[in-house]
Amino acid sequence: MKDAGMTNLTLTLDDAIIKKARVRAIQEGTSVSAKVREFLAAYAMGQDQQQAAAEAFIAAAQRSRANTAAASWSREDAYDRPYPGGGA
């Protein structure tokens, strides 16, 4: 029985891809249908989520007191320290 508000979708995909996807889904304790549902939901909401994330980042940056002294940085400042894990 189909859930209210759910629609069936028919896809044509390569047999080898479907077989590999089924194996991986079983290993992850899910189904190919569930993974496709997750992907399409994220895909459909992608623009909204990216916009919300960008707005949250900008708001956090504006609230930040990290550079209250209005320090400016040059390109040379970025390289004026040892590289993590590198010799020098």
Side-chain angles (χ1 to χ4, degrees):
M1 185 170 149
K2 187 167 73 167
D3 290 329
M6 300 286 274
T7 301
N8 285 329
L9 173 67
T10 301
L11 301 171
T12 304
L13 300 166
D14 185 85
D15 288 338
I17 291 172
I18 294 298
K19 287 177 185 175
K20 288 180 181 181
R22 283 184 178 146
V23 168
R24 184 166 176 189
I26 288 169
Q27 291 170 342
E28 294 177 0
T30 189
S31 68
V32 172
S33 291
K35 297 307 283 182
V36 170
R37 241 186 333 270
E38 289 172 17
F39 170 78
L40 286 177
Y43 180 75
M45 298 304 293
Q47 185 73 17
D48 295 338
Q49 289 175 338
Q50 288 176 350
Q51 182 69 30
E55 289 171 2
F57 176 80
I58 291 168
Q62 290 171 336
R63 288 189 310 268
S64 174
R65 301 196 34 86
N67 191 14
T68 56
S72 62
W73 301 87
S74 69
R75 182 178 182 93
E76 290 76 28
D77 293 329
Y79 295 100
D80 190 26
R81 62 176 190 252
Y83 183 75

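Counting from 1, the numbers follow the sequence of the chain as shown.
- By the 6.0 Å contact criterion, CG on Asp48 is enclosed, its count of non-hydrogen atoms from other residues, nucleotides or ligands being greater than 12.
- Among residues at least two apart or in separate chains, side-chain hydrogen bond (donor to acceptor under 3.5 Å, both in side chains) pairs with a member in residues 20-32 are Arg24-Glu28.
- Linking Ile, Leu, Val, Met, Phe, Trp and Tyr residues whenever their side-chain heavy atoms come within less than 4.5 Å places Val36 and Tyr43 in a single cluster.
- Residues Ala25 and Val32 share a closest heavy-atom pair of CB-N, 3.8 Å.
- Arg75 pairs by the side chain to side chain contact (heavy atoms under 4.5 Å, CB included) definition with Tyr79, not counting sequence neighbours.
- Taking the side chain to side chain contact (heavy atoms under 4.5 Å, CB included) definition, one finds that Leu13 meets it with Leu11, Ile18, sequence neighbours left out.
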